[in-house]
Asker: 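Take this structure first; my questions come after.
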Amino acid sequence: MKPLNRTIVGGLIFLAVGLPFLQLVIWSFSNRWFYPALLPQQWGWRAWQYIFDTAGAQIVGAIGQSLAVATATAVIALLIGLPAGRALGLYAFKGKDVISVILILPVIVPPLCVSMGLHHWFIRLGLAESFSGVVLVHLTFCLPYAVFVLWGVFSNYNPEFEDQARSLGASTTGIVLRVMLPMTLPGLVVAALFSFLLSWSQYLATLIIGGGKITTLPIILFALMTSGDRPVAAAVSLVFVAPAFLALLFSARYMGRQSMMGIW
Amino acid sequence: MGDLVLEKLSIRYGRRPVIVDFSLRVADGEMVSILGPSGAGKTTILKAVAGLIEPVSGEIRLDGKSLAGVPPEKRNTIMVFQKPLLFPFMNVEQNIAFGLRMKGIAQGEVRRAVQDILALTHLDGLDKRKVHELSGGQQQRVSLARALVLKPAVLLLDEPLSNLDANLRQQMRELIQEIQEKTQVTTLFVTHDQSEALIMSHRVTLLLDGRLRQVGKPQDLYHRPADPDVARFFGGTNFFEGRFKDGFLHTGFGVFELPVVNGNGLPLTATIRPEDILISATGDFELEGQVERSHFEGMATRLRVNCRGGHLVVLTGREEFFPGQTVRLRLPAERIRVFPPGTVETV
């Protein structure tokens, strides 16, 4: 693409993605903003003060909780998704189609139904209103994505690299650490980011299974939004979006370097 | 040392037998090629020697010791695959050093060994290159260097030239021969290209449908094929029936004085290579025929000649023959190969 065209396309993408955020930024720095004014009548730090002072402890707690849940979900999704994706991508076996349907079911069925159904069982099993219960319900949504991403990764993976490494003297651990993981790293990063972000943005499932005891950031965000304080809701939204934005920057930078060539 | 013995090796994929009763001995320092069409099971044998496939029966011994149950990483038999399979996240030096690192060899020693092998494989100066910056030929050389640096007892090469163009193929072939001579590493070399096998190896093993059909010096397989299938694989096209009577071979193309093989009086199959048939437009050769087709092949012209007893394919360096022309042929008796009964399955 010519540099000029690239600038135009880049600009358009920035406008499409960035404009809604600009609105949020303006909201978060406004003290008074009424129709039909194009910009706030009064600028101020009130929303941010509220987040960092008044509700600071609550929001920091929620961020910590969200981070913990999303990280645990992403790690478990990878740990299960990696062998599952490898098996589905590399081997032909009976029931492969059935497995793919089962995997996609929690994504097709409305989250409310899945969460309600699981809630019943989680109460019986003592998992309701617990950290592990919330991670488990998040996994029902995140795991299919992780498996599908890694299925794709391993469909393009040549296992002969492992035979070659073994012939050159690598042990099984050596092959996993020195060959398989580096070769599939871009795919693993994508799968982990997907799972992390999906878990990070879960509201309904967290509310139902967590029962208000596990207060992640979306739970706080919804509470603030319904309170009608738009500047505060905008500020919390920005805090909420921050990790996704950082993850996107990280992956773009990382993927740019590796340029998906790791998946051979 | 690298004295390799394969004894009555049988290998199956699921229920399908791929290799049946394959026995071969490769002496220390010898270069033996396994030749056969694709799907004959050549690579499977290499994988079994490398330990990547378990044979269902038979034994593989290296320097007298059985390799049964020895994992691939402890065998000292290193396989170089058809594709270079260089790790894309490592540079040339790191790729070559991979095996040494896996063995836990000290950094300084690794660097020295890598430099030595870079020189041997004519890759000097490329050590910091990334894999995708290398040409196909260079990638294949790095792959070879990566195996050689470990000084294996047996080097297993799986069609390392098949992905290269003709020019590079020639260079790589010479390089492999040069390295093999220098290092005297026992080498088992798989190829489907008969000329490659004939040029490169001390001995050639012909594998057809998972079975060993003939093993011997390149000249043996070429001039003295054990059966018509072997002859056919090496470009044999002229097969004809005959019968020994009173010490002479009687065929549709004439009577020839040949050493009698077993099966006196029984119908036999005989063959003669297209380039061994003498042809002349005017000469006094015994057999008369008419040129049916003529194909110019560069170094020679391939003619299909219709004779009294059937048609013969003749390869000649002369270009004066044309379709419809009447020619005279001679089949030198010493060039005719007769297959004793029992060696012929399909003719």
Side-chain angles (χ1 to χ4, degrees), chain A residues 78 82 86-87 89-96 149-150 152-192 250-264, chain B residues 14 43-44 46-53 70-90 94-105 110 130-133 139-140 142-158 160 188:
Chain A
L78 267 196
L82 186 67
R86 185 183 164 96
L90 289 186
Y91 311 114
F93 53 87
K94 277 185 189 169
K96 214 165 155 176
V149 169
L150 293 165
V153 168
F154 279 99
S155 299
N156 294 317
Y157 177 76
N158 182 356
E160 276 195 331
F161 277 103
E162 293 181 8
D163 280 347
Q164 178 69 83
R166 193 175 286 281
S167 184
L168 290 167
S171 61
T172 305
T173 321
I175 288 171
V176 170
L177 296 178
R178 303 292 190 94
V179 179
M180 190 187 82
L181 289 183
M183 297 273 286
T184 55
L185 196 58
L188 290 175
V189 171
V190 169
F250 166 76
S251 65
R253 191 178 165 78
Y254 183 81
M255 292 304 179
R257 272 200 193 149
Q258 295 267 320
S259 67
M260 298 300 277
M261 293 225 309
I263 308 171
W264 218 245
Chain B
T43 303
T44 306
L46 287 199
K47 284 192 171 174
V49 177
L52 300 169
I53 292 177
V70 180
E73 62 268 28
K74 302 225 160 75
R75 286 200 174 197
N76 207 12
T77 56
I78 296 182
M79 183 156 170
V80 175
F81 287 72
Q82 191 169 356
K83 286 186 192 162
L85 296 177
L86 301 181
F87 304 121
F89 47 90
M90 295 180 183
Q94 289 162 334
N95 261 291
I96 296 177
F98 182 85
L100 296 171
R101 293 255 155 76
M102 288 290 131
K103 283 185 172 175
I105 289 168
V110 169
K130 296 211 172 83
V131 169
H132 63 87
E133 293 169 347
Q139 289 195 8
Q140 202 67 54
V142 174
S143 174
L144 186 66
R146 184 170 61 174
L148 285 169
V149 77
L150 293 165
K151 299 196 165 59
V154 178
L155 182 64
L156 306 162
L157 303 177
D158 184 12
L188 201 52

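Lettering follows sequence order; numbering is per chain, from 1.
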Asker: Against chain A, label B:Leu52 side chain, backbone, both or neither, depending on which of its atoms sit under 4.5 Å from a heavy atom there.
Answerer: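 Interface part for B:Leu52: side chain.
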Asker: Can you tell me how far the CG atom of A:Leu168 sits from the CD atom of B:Glu73, to the nearest 0.5 Å?
Answerer: 11.0 Å
Asker: Determine yes or no for a side-chain-to-main-chain donor-acceptor pair under 3.5 angstrom, with A:Ser167 supplying the side chain and B:Met79 the backbone.
Answerer: yes
Asker: Looking only at non-hydrogen atoms, find the nearest pair between B:Phe98 and A:Val179 and report the distance.
Answerer: CZ-CG2, 3.9 Å
Asker: Any side-chain heavy atom of B:Met102 within less than 4.5 Å of one from A:Ser171?
Answerer: no
Asker: Using non-hydrogen atoms and a limit below 4.5 Å, what part of residues 148-156 of chain B faces chain A?
Answerer: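 So far as heavy atoms go, B:Leu150 are the residues that approach chain A to under 4.5 Å.
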Asker: For the CZ atom of A:Arg178 and the CZ atom of B:Arg101, what is their distance to the nearest 0.5 Å?
Answerer: 8.0 Å
Asker: Tell me, out of B:Gly51, B:Ser143, B:Gly99, B:Ala50, who's got the most heavy-atom pairs with chain A below 4.5 Å.
Answerer: B:Gly99
Asker: Under 4.5 Å heavy-atom distance to chain A, tell me which part of B:Phe81 shows up: side chain, backbone, both or neither.
Answerer: both
Asker: Checking heavy atoms, do the side chain of B:Lys83, its backbone, both or neither come under 4.5 Å from chain A?
Answerer: side chain
Asker: Roughly how far apart are B:Arg75 CZ and A:Arg166 CZ, rounded to 0.5 Å?
Answerer: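 These two atoms lie 11.5 Å from each other.
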Asker: Which atoms of B:Arg146 come close to chain A, meaning under 4.5 Å heavy atom to heavy atom: side chain ones, backbone ones, both, or neither?
Answerer: both
